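Down below is the structure, laid out as structure tokens.
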Amino acid sequence: GDARDSACRRASTLAMLPGSSPLGALSGIAGCLFHTCPQVRALSASILRGLESSKDTAALVAGLNPFLLAALSAQPEP
């Protein structure tokens, strides 16, 4: 179903990320919130919000540093 598809997409996304990083595993995606291209910023925000919406991955997004969380909040909702 849809929930299972969403879980598979989240797992696939997370599998592509480094297991650990001094800035957190999502830092590569979150860093794109500062890209010069608006479409890249919007895609980064979309990925992070998708992860944030799941109880299984919300803590990963919440663990981003406040600077990155502020950049995410500044992005318009789709």
Side-chain angles (χ1 to χ4, degrees):
D2 190 45
R4 185 165 188 242
D5 291 342
S6 292
C8 288
R9 283 193 302 274
R10 283 191 304 276
S12 177
T13 299
L14 294 174
M16 292 185 278
L17 301 175
S20 65
S21 162
L23 299 174
L26 297 180
S27 62
I29 294 172
C32 291
L33 293 167
F34 301 98
H35 199 279
T36 56
C37 178
Q39 292 88 350
V40 173
R41 291 192 306 267
L43 182 57
S44 175
S46 174
I47 292 168
L48 291 170
R49 286 183 178 131
L51 293 170
E52 187 177 45
S53 71
S54 169
K55 66 178 175 117
D56 296 329
T57 53
L60 294 173
V61 178
L64 291 170
N65 74 48
F67 182 68
L68 294 173
L69 290 173
L72 177 58
S73 294
Q75 288 298 310
E77 295 279 342

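Count residues from 1 along the sequence. Predicted model only: the values in this text are computed from it and were never measured.
Note on Phe67: it clusters hydrophobically with Leu51, by side-chain heavy-atom contacts below 4.5 Å among ILVMFWY residues. The same ILVMFWY cluster, assembled from side-chain heavy atoms under 4.5 Å apart, contains both Leu43 and Phe34.
Here CG of Leu69 is found 9.5 Å from CG of Leu33. Values are rounded to the nearest 0.5 Å. Taken from CD1 in Ile29 to CG in Leu64, the straight-line distance is 9.5 Å, to the nearest 0.5 Å. Atom CG of residue Leu48 and atom CG of residue Leu60 lie 10.0 Å apart, to the nearest 0.5 angstrom. Atom OG of Ser27 is separated from atom CG of Asn65 by 9.0 Å, given to the nearest 0.5 angstrom.
Counting all heavy atoms, side chain and backbone alike, Val40 lies closest to Cys32 at CG1-CB, 3.9 Å.
Checking side-chain atoms of Ser53 against main-chain N and O of Gly50 turns up a donor-acceptor pair under 3.5 Å. Between the side chain of Arg41 and the main chain of Thr36, a donor-acceptor pair closer than 3.5 Å is present.
Counting only heavy atoms from C-beta outward, the side chains of Val61 and Arg49 never approach each other to under 4.5 Å.
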